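These figures come from a predicted structure and were not determined experimentally.
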Amino acid sequence: MVIALAIMAFVWPNARLEPRELPVGVAGPPNATAQLAQRLGAHEGAFDVTAYPTESAARAAIEERDIYGAFVLTPDGPKVLTASAASPVVAQLLTAAAAENAAPGAKPVVDDVVAAPEEDPRGSALGSSMLPLALAGVIAGAGVTLLGLRGARAVVALVGAASGIGLVGAAITDSWLGILGGGWWVEAGAFALTALAGSAAVAGLAAVLGAPGIGLGAMLNVFLGNPFSGVTSAPEMLPEPVGALGQWLPVGSGAQLLRSVAFFDGNAASGPVLTLSVWTLAGLSLVLFGGRWNRGRRGGTSVAAGADGAIEAQPALREEPTAGR
(Lines give C-alpha, C1' and ligand atoms only; values in the text may rest on other atoms or scores of the structure.)
Protein backbone atom coordinates (compact mmCIF):
# COMPACT_ATOMS: atom_id res chain seq x y z
CA MET A 1 0.00 0.00 0.00
CA VAL A 2 2.78 2.42 0.91
CA ILE A 3 4.60 1.73 -2.36
CA ALA A 4 1.39 2.22 -4.34
CA LEU A 5 0.72 5.56 -2.63
CA ALA A 6 4.31 6.68 -3.25
CA ILE A 7 4.10 5.80 -6.95
CA MET A 8 0.77 7.59 -7.24
CA ALA A 9 2.14 10.70 -5.50
CA PHE A 10 5.09 10.90 -7.90
CA VAL A 11 3.37 9.86 -11.13
CA TRP A 12 -0.15 11.30 -10.91
CA PRO A 13 0.78 15.04 -10.86
CA ASN A 14 3.08 14.66 -13.88
CA ALA A 15 0.44 12.69 -15.77
CA ARG A 16 -2.06 15.56 -15.39
CA LEU A 17 0.11 18.53 -16.35
CA GLU A 18 -1.82 21.41 -17.89
CA PRO A 19 -2.15 25.15 -17.19
CA ARG A 20 -4.52 26.07 -14.38
CA GLU A 21 -4.91 29.82 -13.83
CA LEU A 22 -1.36 30.28 -15.12
CA PRO A 23 -0.39 33.97 -14.69
CA VAL A 24 0.42 35.52 -18.07
CA GLY A 25 0.25 38.99 -19.56
CA VAL A 26 -0.81 40.69 -22.77
CA ALA A 27 0.60 43.98 -24.02
CA GLY A 28 -0.14 46.26 -26.94
CA PRO A 29 -3.00 48.44 -28.21
CA PRO A 30 -6.02 48.14 -25.87
CA ASN A 31 -8.47 46.87 -28.49
CA ALA A 32 -6.09 44.25 -29.85
CA THR A 33 -5.01 43.04 -26.40
CA ALA A 34 -8.65 42.76 -25.33
CA GLN A 35 -9.33 40.44 -28.25
CA LEU A 36 -6.23 38.39 -27.48
CA ALA A 37 -7.17 38.14 -23.81
CA GLN A 38 -10.60 36.94 -24.87
CA ARG A 39 -9.10 34.24 -27.06
CA LEU A 40 -6.84 33.11 -24.21
CA GLY A 41 -9.85 33.11 -21.92
CA ALA A 42 -11.55 30.66 -24.24
CA HIS A 43 -9.27 28.05 -22.68
CA GLU A 44 -11.45 28.00 -19.57
CA GLY A 45 -9.40 28.06 -16.36
CA ALA A 46 -6.08 27.78 -18.19
CA PHE A 47 -4.74 31.35 -17.99
CA ASP A 48 -4.96 34.23 -15.54
CA VAL A 49 -4.49 37.14 -17.95
CA THR A 50 -3.26 40.61 -16.95
CA ALA A 51 -3.10 43.46 -19.47
CA TYR A 52 -0.07 45.75 -19.58
CA PRO A 53 0.14 49.04 -21.48
CA THR A 54 3.62 48.45 -22.90
CA GLU A 55 6.08 45.67 -23.59
CA SER A 56 8.48 47.09 -21.02
CA ALA A 57 5.80 46.85 -18.35
CA ALA A 58 5.24 43.20 -19.22
CA ARG A 59 8.98 42.56 -19.08
CA ALA A 60 9.17 44.12 -15.62
CA ALA A 61 6.30 41.91 -14.44
CA ILE A 62 8.16 38.81 -15.67
CA GLU A 63 11.37 39.86 -13.94
CA GLU A 64 9.45 40.45 -10.71
CA ARG A 65 7.85 36.98 -11.05
CA ASP A 66 4.32 38.34 -11.23
CA ILE A 67 3.72 36.43 -14.48
CA TYR A 68 5.45 33.61 -16.36
CA GLY A 69 5.38 35.34 -19.73
CA ALA A 70 3.45 37.72 -21.97
CA PHE A 71 1.98 37.97 -25.45
CA VAL A 72 2.93 41.28 -27.11
CA LEU A 73 1.26 42.76 -30.17
CA THR A 74 3.72 44.95 -32.06
CA PRO A 75 3.58 46.74 -35.43
CA ASP A 76 6.05 44.17 -36.75
CA GLY A 77 3.91 41.23 -35.67
CA PRO A 78 3.24 39.13 -32.58
CA LYS A 79 5.89 38.50 -29.96
CA VAL A 80 5.92 36.21 -26.95
CA LEU A 81 8.00 36.96 -23.88
CA THR A 82 9.02 33.93 -21.84
CA ALA A 83 11.14 33.15 -18.78
CA SER A 84 12.65 29.70 -19.13
CA ALA A 85 14.46 30.26 -15.82
CA ALA A 86 11.05 30.26 -14.13
CA SER A 87 9.87 27.16 -15.99
CA PRO A 88 11.10 25.77 -19.30
CA VAL A 89 7.85 23.79 -19.57
CA VAL A 90 5.74 26.96 -19.32
CA ALA A 91 8.03 28.77 -21.77
CA GLN A 92 7.39 26.06 -24.36
CA LEU A 93 3.68 26.17 -23.62
CA LEU A 94 3.47 29.93 -24.15
CA THR A 95 5.45 29.69 -27.37
CA ALA A 96 2.99 27.10 -28.69
CA ALA A 97 0.01 29.19 -27.54
CA ALA A 98 1.39 32.28 -29.30
CA ALA A 99 1.69 30.36 -32.57
CA GLU A 100 -1.84 29.02 -32.14
CA ASN A 101 -3.33 32.48 -31.60
CA ALA A 102 -1.28 34.25 -34.29
CA ALA A 103 -2.77 35.27 -37.62
CA PRO A 104 -2.38 32.78 -40.49
CA GLY A 105 1.14 32.95 -41.85
CA ALA A 106 2.45 35.00 -38.93
CA LYS A 107 5.27 33.50 -36.87
CA PRO A 108 5.65 34.94 -33.38
CA VAL A 109 9.05 36.20 -32.27
CA VAL A 110 10.19 34.54 -29.04
CA ASP A 111 12.16 36.59 -26.51
CA ASP A 112 13.42 34.72 -23.44
CA VAL A 113 13.50 37.57 -20.90
CA VAL A 114 15.05 35.54 -18.07
CA ALA A 115 16.73 32.57 -19.70
CA ALA A 116 17.69 29.33 -18.03
CA PRO A 117 21.46 28.72 -17.87
CA GLU A 118 23.09 27.03 -20.85
CA GLU A 119 24.22 24.18 -18.58
CA ASP A 120 20.60 23.38 -17.68
CA PRO A 121 18.32 24.73 -20.44
CA ARG A 122 15.46 22.36 -19.57
CA GLY A 123 15.70 22.82 -15.80
CA SER A 124 16.10 19.09 -15.27
CA ALA A 125 19.25 19.39 -13.16
CA LEU A 126 17.66 21.96 -10.87
CA GLY A 127 14.60 19.77 -10.50
CA SER A 128 16.73 16.74 -9.73
CA SER A 129 18.54 18.60 -6.95
CA MET A 130 15.42 18.95 -4.82
CA LEU A 131 14.95 15.24 -4.04
CA PRO A 132 18.46 14.84 -2.53
CA LEU A 133 17.83 18.06 -0.60
CA ALA A 134 14.59 16.66 0.81
CA LEU A 135 16.31 13.38 1.70
CA ALA A 136 19.18 15.24 3.38
CA GLY A 137 16.71 17.11 5.58
CA VAL A 138 14.98 13.87 6.59
CA ILE A 139 18.30 12.16 7.33
CA ALA A 140 19.50 15.09 9.45
CA GLY A 141 16.28 15.21 11.45
CA ALA A 142 16.18 11.45 11.93
CA GLY A 143 19.88 11.36 12.83
CA VAL A 144 19.49 13.94 15.57
CA THR A 145 16.57 11.96 16.97
CA LEU A 146 18.25 8.55 16.83
CA LEU A 147 21.43 9.92 18.42
CA GLY A 148 19.33 10.94 21.41
CA LEU A 149 20.15 14.65 21.18
CA ARG A 150 17.69 16.82 23.05
CA GLY A 151 17.00 20.49 23.68
CA ALA A 152 19.66 23.02 22.74
CA ARG A 153 22.07 20.31 21.60
CA ALA A 154 19.56 19.07 19.06
CA VAL A 155 18.95 22.60 17.76
CA VAL A 156 22.68 23.24 17.34
CA ALA A 157 23.09 19.93 15.53
CA LEU A 158 20.19 20.68 13.17
CA VAL A 159 21.50 24.16 12.34
CA GLY A 160 25.00 22.80 11.81
CA ALA A 161 23.80 20.02 9.53
CA ALA A 162 21.65 22.42 7.49
CA SER A 163 24.60 24.81 7.11
CA GLY A 164 26.74 21.99 5.79
CA ILE A 165 24.01 20.92 3.38
CA GLY A 166 23.72 24.49 2.14
CA LEU A 167 27.44 24.81 1.47
CA VAL A 168 27.62 21.46 -0.29
CA GLY A 169 24.49 22.22 -2.34
CA ALA A 170 25.85 25.55 -3.58
CA ALA A 171 29.27 24.05 -4.27
CA ILE A 172 27.79 21.32 -6.47
CA THR A 173 25.05 23.24 -8.30
CA ASP A 174 26.81 26.58 -8.73
CA SER A 175 30.57 26.08 -8.54
CA TRP A 176 30.75 22.67 -10.23
CA LEU A 177 27.68 22.22 -12.45
CA GLY A 178 27.03 25.91 -13.10
CA ILE A 179 23.24 25.49 -13.20
CA LEU A 180 22.57 28.50 -10.95
CA GLY A 181 23.30 32.12 -11.71
CA GLY A 182 22.86 34.07 -8.48
CA GLY A 183 25.07 35.00 -5.55
CA TRP A 184 26.90 31.96 -4.18
CA TRP A 185 26.28 32.66 -0.51
CA VAL A 186 22.65 33.56 -1.07
CA GLU A 187 22.11 30.27 -2.89
CA ALA A 188 23.86 28.41 -0.07
CA GLY A 189 21.51 30.15 2.36
CA ALA A 190 18.49 29.06 0.33
CA PHE A 191 19.68 25.45 0.37
CA ALA A 192 20.41 25.64 4.09
CA LEU A 193 17.06 27.17 5.03
CA THR A 194 15.20 24.56 3.00
CA ALA A 195 17.16 21.73 4.63
CA LEU A 196 16.67 23.23 8.10
CA ALA A 197 12.91 23.56 7.59
CA GLY A 198 12.68 19.90 6.58
CA SER A 199 15.01 18.53 9.25
CA ALA A 200 13.43 20.62 12.01
CA ALA A 201 9.99 19.32 11.01
CA VAL A 202 11.21 15.71 11.18
CA ALA A 203 12.99 16.14 14.52
CA GLY A 204 10.12 18.15 15.99
CA LEU A 205 7.50 15.56 15.04
CA ALA A 206 9.75 12.82 16.41
CA ALA A 207 10.13 14.71 19.70
CA VAL A 208 6.35 14.63 20.13
CA LEU A 209 5.32 11.40 18.40
CA GLY A 210 8.44 9.30 18.74
CA ALA A 211 9.53 7.07 15.86
CA PRO A 212 6.25 7.58 13.92
CA GLY A 213 7.14 11.27 13.74
CA ILE A 214 10.15 10.43 11.57
CA GLY A 215 7.88 8.61 9.13
CA LEU A 216 5.40 11.51 9.07
CA GLY A 217 8.22 13.99 8.47
CA ALA A 218 9.59 11.84 5.64
CA MET A 219 6.15 11.73 4.03
CA LEU A 220 5.80 15.53 4.18
CA ASN A 221 9.28 16.14 2.75
CA VAL A 222 9.74 13.32 0.25
CA PHE A 223 6.53 11.51 -0.67
CA LEU A 224 4.40 14.67 -0.81
CA GLY A 225 6.78 17.62 -0.79
CA ASN A 226 8.93 16.59 -3.74
CA PRO A 227 6.28 15.57 -6.33
CA PHE A 228 3.93 18.36 -5.23
CA SER A 229 6.63 21.06 -5.45
CA GLY A 230 6.15 21.74 -9.17
CA VAL A 231 9.88 22.35 -9.53
CA THR A 232 10.10 20.45 -12.84
CA SER A 233 7.14 22.33 -14.35
CA ALA A 234 5.27 24.96 -12.30
CA PRO A 235 2.82 24.80 -9.39
CA GLU A 236 0.07 26.13 -11.67
CA MET A 237 0.59 23.17 -14.00
CA LEU A 238 -0.23 20.57 -11.33
CA PRO A 239 -3.71 19.24 -10.51
CA GLU A 240 -5.61 21.12 -7.83
CA PRO A 241 -5.08 21.33 -4.89
CA VAL A 242 -1.67 19.67 -5.28
CA GLY A 243 0.05 22.74 -6.70
CA ALA A 244 -1.09 25.04 -3.88
CA LEU A 245 -0.42 22.44 -1.18
CA GLY A 246 3.11 21.86 -2.42
CA GLN A 247 4.01 25.52 -1.96
CA TRP A 248 3.17 25.27 1.74
CA LEU A 249 5.66 22.42 2.22
CA PRO A 250 9.42 22.90 2.67
CA VAL A 251 10.51 21.46 -0.69
CA GLY A 252 8.03 23.48 -2.77
CA SER A 253 8.76 26.77 -1.03
CA GLY A 254 12.49 25.99 -1.09
CA ALA A 255 12.41 25.41 -4.86
CA GLN A 256 10.68 28.75 -5.43
CA LEU A 257 13.16 30.51 -3.14
CA LEU A 258 16.10 28.99 -5.02
CA ARG A 259 14.71 30.12 -8.39
CA SER A 260 14.16 33.63 -7.05
CA VAL A 261 17.67 34.10 -5.68
CA ALA A 262 19.40 32.26 -8.54
CA PHE A 263 17.71 33.92 -11.52
CA PHE A 264 15.45 36.81 -10.46
CA ASP A 265 17.60 38.88 -8.08
CA GLY A 266 15.54 37.75 -5.09
CA ASN A 267 12.19 38.92 -6.48
CA ALA A 268 9.19 37.09 -4.96
CA ALA A 269 11.44 35.47 -2.35
CA SER A 270 9.60 36.84 0.70
CA GLY A 271 6.73 34.34 0.55
CA PRO A 272 8.96 31.22 0.41
CA VAL A 273 11.23 32.63 3.12
CA LEU A 274 8.21 33.15 5.39
CA THR A 275 6.93 29.62 4.75
CA LEU A 276 10.32 28.04 5.44
CA SER A 277 10.77 30.18 8.55
CA VAL A 278 7.42 29.02 9.93
CA TRP A 279 8.39 25.36 9.41
CA THR A 280 11.78 25.99 10.99
CA LEU A 281 10.48 27.81 14.05
CA ALA A 282 7.66 25.32 14.58
CA GLY A 283 10.02 22.35 14.25
CA LEU A 284 12.70 23.78 16.53
CA SER A 285 10.06 24.73 19.12
CA LEU A 286 8.85 21.13 19.18
CA VAL A 287 12.44 19.96 19.54
CA LEU A 288 12.94 22.24 22.53
CA PHE A 289 9.60 21.76 24.26
CA GLY A 290 7.99 18.73 22.64
CA GLY A 291 10.04 16.29 24.68
CA ARG A 292 8.94 17.98 27.90
CA TRP A 293 5.29 17.71 26.93
CA ASN A 294 5.70 14.13 25.73
CA ARG A 295 7.40 12.98 28.92
CA GLY A 296 5.21 15.00 31.22
CA ARG A 297 2.08 13.23 30.04
CA ARG A 298 3.47 9.76 30.70
CA GLY A 299 2.20 8.11 33.81
CA GLY A 300 4.58 7.22 36.61
CA THR A 301 7.23 9.75 35.69
CA SER A 302 8.23 13.19 36.79
CA VAL A 303 9.92 15.79 34.61
CA ALA A 304 13.35 17.13 35.44
CA ALA A 305 15.95 19.13 33.55
CA GLY A 306 19.27 17.48 32.82
CA ALA A 307 22.60 19.20 33.27
CA ASP A 308 22.77 20.01 29.57
CA GLY A 309 19.39 21.68 29.56
CA ALA A 310 17.65 18.67 28.03
CA ILE A 311 14.41 17.52 29.49
CA GLU A 312 14.68 14.08 31.02
CA ALA A 313 12.10 11.83 32.61
CA GLN A 314 12.94 10.54 36.06
CA PRO A 315 11.15 7.64 37.78
CA ALA A 316 8.64 8.88 40.27
CA LEU A 317 9.73 8.34 43.89
CA ARG A 318 7.77 5.76 45.75
CA GLU A 319 7.58 5.51 49.48
CA GLU A 320 9.14 2.21 50.59
CA PRO A 321 7.32 0.32 53.31
CA THR A 322 8.97 0.67 56.72
CA ALA A 323 10.03 -2.56 58.38
CA GLY A 324 7.96 -3.54 61.35
CA ARG A 325 4.79 -1.78 60.25
Side-chain angles (χ1 to χ4, degrees), residues 65 83-88 114-144 146-147 149 153-203 217-218 220-222 225-227 229-233 246-247 249-277 279-280 283-284:
R65 301 204 70 186
S84 58
S87 172
V114 185
E118 295 181 359
E119 293 78 2
D120 188 27
R122 298 178 181 177
S124 56
L126 177 61
S128 299
S129 69
M130 300 312 296
L131 179 57
L133 183 61
L135 290 173
V138 172
I139 292 171
V144 166
L146 296 177
L147 289 173
L149 300 180
R153 289 184 176 180
V155 171
V156 171
L158 289 170
V159 173
S163 300
I165 293 170
L167 294 174
V168 171
I172 293 175
T173 57
D174 190 313
S175 302
W176 179 34
L177 299 177
I179 63 173
L180 301 180
W184 196 95
W185 287 104
V186 179
E187 293 165 355
F191 276 116
L193 182 57
T194 304
L196 181 58
S199 61
V202 172
L220 290 174
N221 280 279
V222 179
N226 192 71
S229 66
V231 65
T232 57
S233 55
Q247 302 313 295
L249 298 176
V251 177
S253 53
Q256 294 302 320
L257 174 60
L258 192 59
R259 284 193 188 278
S260 290
V261 300
F263 306 119
F264 293 88
D265 296 326
N267 291 327
S270 58
V273 167
L274 178 60
T275 301
L276 293 171
S277 298
W279 277 102
T280 299
L284 295 182

Checklist outcome for this item: Sequence neighbours excluded, the answer for side-chain hydrogen bond (donor to acceptor under 3.5 Å, both in side chains) partners of Ser253 is none
Item to check | Backbone of Ala83 reached by a side-chain donor or acceptor of Ser87 within 3.5 Å | outcome: no
Checklist entry - Quick one: CG on Leu193 to OG1 on Thr280, what's the gap to the nearest 0.5 Å? => result 5.0 Å
Checklist entry - Looking only at heavy atoms, what is the nearest atom pair of Ala157 and Leu149, with distance? => result CB-CD1, 3.7 Å
Checklist entry - Between CZ of Arg122 and OG of Ser84, what distance do you get to the nearest 0.5 Å? => result 12.5 Å
Checklist entry - Rounded to the nearest 0.5 Å, how far apart are CG of Asp120 and CG of Leu177? => result 9.0 Å
Item to check | Shortest non-hydrogen contact between Pro117 and Gly178, atoms and distance | outcome: CB-O, 4.1 Å
Checklist outcome for this item: Tightest non-hydrogen contact, residues Pro121 and Pro88, listed as O-CG, 3.6 Å
Next on the checklist: Could you report the tightest heavy-atom contact between Val222 and Pro227, atom names first, then the distance?
Outcome noted: O-CD, 3.2 Å
Next on the checklist: Pair Phe191, Ile172 - check side-chain contact (heavy atoms from CB on, under 4.5 Å), show working.
Outcome noted: CA-CA 11 Å; Phe191 276 116; Ile172 293 175; over 6 Å; no
Item to check | Heavy-atom pair with the smallest gap, counting every atom of Thr194 and Pro250 | outcome: CG2-O, 3.7 Å
Let me have the donor-acceptor pairs involving side chains of residues 124-137, under 3.5 Å, with sequence neighbours excluded, atom names and distances please.
residue: Ser128; atom: OG; partner: Ser124; partner atom: O; Å: 2.8
residue: Ser129; atom: OG; partner: Leu126; partner atom: O; Å: 2.6

Next on the checklist: Using modelled atom types and a 3.5 Å cut-off, is there a donor and acceptor pairing between side-chain atoms of Gln256 and backbone atoms of Ala269?
Outcome noted: no
Got a list of side-chain donor-acceptor pairs under 3.5 Å for residues 179-190, not counting sequence neighbours?
residue: Trp184; atom: NE1; partner: Ser175; partner atom: OG; Å: 2.7
residue: Glu187; atom: OE2; partner: Gly182; partner atom: N; Å: 2.6

Next on the checklist: Within this structure, what is the CZ-CZ distance for the pair Arg65 and Arg259, rounded to the nearest 0.5 Å?
Outcome noted: 7.0 Å
Checklist outcome for this item: Leu158 and Ala200 have their tightest heavy-atom pair at CD1-CA, 4.3 Å
Next on the checklist: One pair to check against side-chain contact (heavy atoms from CB on, under 4.5 Å): Leu167 and Ser163. What are the steps and the verdict?
Outcome noted: CA-CA 6 Å; Leu167 294 174; Ser163 300; 5.5 Å; no
Checklist entry - Given Asn226, which of Thr232, Asn221, Val251 fulfils the side chain to side chain contact (heavy atoms under 4.5 Å, CB included) condition? => result Val251
Checklist entry - Between atom CD of Glu119 and atom CG of Asp174, what is the distance when rounded to the nearest 0.5 Å? => result 10.0 Å
Checklist entry - Of Leu257, Leu258, Val261, which meets side chain to side chain contact (heavy atoms under 4.5 Å, CB included) against Pro272? => result Leu257
